[in-house]
J.: 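I'd like to ask you about the structure that follows.
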Amino acid sequence: MSKRVTLLALCGVLILSLAGCGSEPAPQPEQKSATPAAKAEPPAPTYDITKESLLDHPDWTSKNVVLLGAKIGDVTRNVEKNFGKLDNTRTLPDEYLTIYQGNGIFVYTTKLTGKIKKFEVYETFDKQIADEKLKKLVAGGDLKYMREILGPEEKTEENADDQSTEYVYDAKGFRFVKYKVGGKTVNALRFNEMKKSTT
């Protein structure tokens, strides 16, 4: 009889165990997010200043300006071959400066990241600039013409360290720079890393 009670108890435990393993609850439908998923933005257009007229694109900023296939933010090591013959290198406090094309291109690289921070194009490179207006500006340096094609500058900055005057268009990440070198004025187009807005 005790065997029957034990067997009955085991069967009861088995039945209760199976009852507890009943069907799983129906899956809840996934709730849709209150905000639709952000669509991926198409990549911003880029404009290579050696291939097309930059000023024909009113939306240009230094973010989408390309120089010989390289743009600000690229790792310099990956694109330095695009610039041609290396003329000189210098180590500055926070960046490296590499000079190419017969002193026509100056590339500034951030030391910590190895990325291009800014580049300057000088009048010795002007024949390779596709935009006729920018070519004329860097070759001649006429400030009246600069304002005609770019509008009035935001401000002007004098730099005694490198004997330069910068005509600032920071909304575009751009500056027109006049350097005094050996009693002569040298003109450059500078494309800077865009400053992050504080708003």
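We number each residue from 1, following the sequence as shown.
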J.: Determine whether L55 and W60 satisfy the following criterion, side-chain contact (heavy atoms from CB on, under 4.5 Å), listing intermediate values before the conclusion.
T.: CA-CA 8 Å; L55 299 182; W60 76 270; 3.7 Å; yes

J.: Report yes if some heavy atom in the side chain of V177 is under 4.5 Å from a heavy atom in the side chain of V186; otherwise report no.
T.: no

J.: Just list the side-chain donor-acceptor pairs under 3.5 Å for residues 100-107, sequence neighbours left out, or say none.
T.:
{"unit_1": "Y100", "atom_1": "OH", "unit_2": "T98", "atom_2": "OG1", "d": "3.4"}
{"unit_1": "Q101", "atom_1": "OE1", "unit_2": "Q128", "atom_2": "NE2", "d": "3.2"}
{"unit_1": "Q101", "atom_1": "NE2", "unit_2": "F83", "atom_2": "O", "d": "2.8"}

J.: I would like to know whether F174 and S62 meet side-chain contact (heavy atoms from CB on, under 4.5 Å); could you show each step before the answer?
T.: CA-CA 6 Å; F174 173 79; S62 64; 5.9 Å; no

J.: Under 4.0 Å between a side-chain nitrogen and a carboxylate oxygen: does that hold for E95 and K117?
T.: yes

J.: Is it true that a side-chain atom of K133 and a backbone atom of S53 form a donor plus acceptor pair closer than 3.5 Å?
T.: no

J.: With side chains defined as the heavy atoms from C-beta onward, is the minimum distance between V121 and I129 less than 4.5 Å?
T.: yes

J.: With a 3.5 Å cut-off and no angle check, do the side chains of K118 and N192 form a donor-acceptor pair?
T.: no

J.: Please answer whether the main-chain N or O of L134 pairs with a side-chain N or O of D131 as donor and acceptor at a distance below 3.5 Å.
T.: yes

J.: What pairs with K85 under side-chain contact (heavy atoms from CB on, under 4.5 Å), at least two apart in sequence or on another chain?
T.: D87

J.: Under a 3.5 Å distance rule, please check whether E193 uses its side chain to pair with a backbone N or O of I72 as donor and acceptor.
T.: no

J.: L112, Y96: one ILVMFWY side-chain cluster at the under-4.5 Å cut-off?
T.: no

J.: Please check if Y108 and I49 belong to a single hydrophobic cluster, counting links between Ile, Leu, Val, Met, Phe, Trp and Tyr side chain heavy atoms closer than 4.5 Å.
T.: no

J.: Does any donor atom in the side chain of T185 or K180 lie under 3.5 Å from an acceptor atom in the other side chain?
T.: yes

J.: Show me the donor-acceptor pairs within less than 3.5 Å that the side chains of residues 144-152 make with the rest of the protein, sequence neighbours left out.
T.:
{"unit_1": "R147", "atom_1": "NE", "unit_2": "E153", "atom_2": "OE1", "d": "2.8"}
{"unit_1": "R147", "atom_1": "NH2", "unit_2": "E153", "atom_2": "OE2", "d": "2.8"}

J.: Are T50 and F125 close enough, and set up right, to give a side-chain contact (heavy atoms from CB on, under 4.5 Å), and what steps lead you there?
T.: CA-CA 10 Å; T50 63; F125 189 75; 3.9 Å; yes

J.: Got a sec: does the NZ of K178 have more than 12 other heavy atoms crowding it under 6.0 Å?
T.: yes

J.: Do you know the tightest heavy-atom contact between T46 and K71?
T.: CG2-CD, 4.4 Å

J.: Rounded to the nearest 0.5 Å, what separation is found between the OG1 atom of T156 and the CZ atom of R175?
T.: 10.0 Å

J.: For the hydrophobic clusters of this structure (ILVMFWY residues joined by side-chain heavy atoms under 4.5 Å, transitively), does one cluster hold both L54 and L189?
T.: yes

J.: By salt bridge (charged side-chain N to carboxylate O under 4.0 Å, His left out), which residues pair with E120, not counting sequence neighbours?
T.: R190

J.: Could you label the plane-to-plane angle of the H57 and Y47 rings as parallel, tilted or perpendicular, counting under 30° as parallel and over 60° as perpendicular?
T.: parallel

J.: Tell me whether D94 at atom CG has more than 12 heavy atoms from other residues, nucleotides or ligands lying less than 6.0 Å away.
T.: no

J.: Report yes or no: does N187 contribute a side-chain atom to a donor-acceptor pair with the main-chain N or O of V138 at less than 3.5 Å?
T.: yes

J.: Supply the atom-to-atom distance K172 NZ to F191 CZ, rounded to the nearest 0.5 angstrom.
T.: 11.0 Å

J.: K81: what forms a side-chain contact (heavy atoms from CB on, under 4.5 Å) with it, not counting sequence neighbours?
T.: none

J.: Is it the case that the side chain of N88 and the backbone of I99 share a donor-acceptor pair, with hydrogens and angles ignored and the cut-off at 3.5 Å?
T.: no

J.: Can you name the closest pair of heavy atoms from D48 and G69 and give their distance?
T.: OD2-N, 3.3 Å

J.: Output all residues satisfying salt bridge (charged side-chain N to carboxylate O under 4.0 Å, His left out) with K135, sequence neighbours left out; order by chain, then residue number.
T.: E132

J.: Kindly work out whether a path of hydrophobic side-chain contacts (I/L/V/M/F/W/Y, heavy atoms less than 4.5 Å apart) joins I116 to Y122.
T.: no

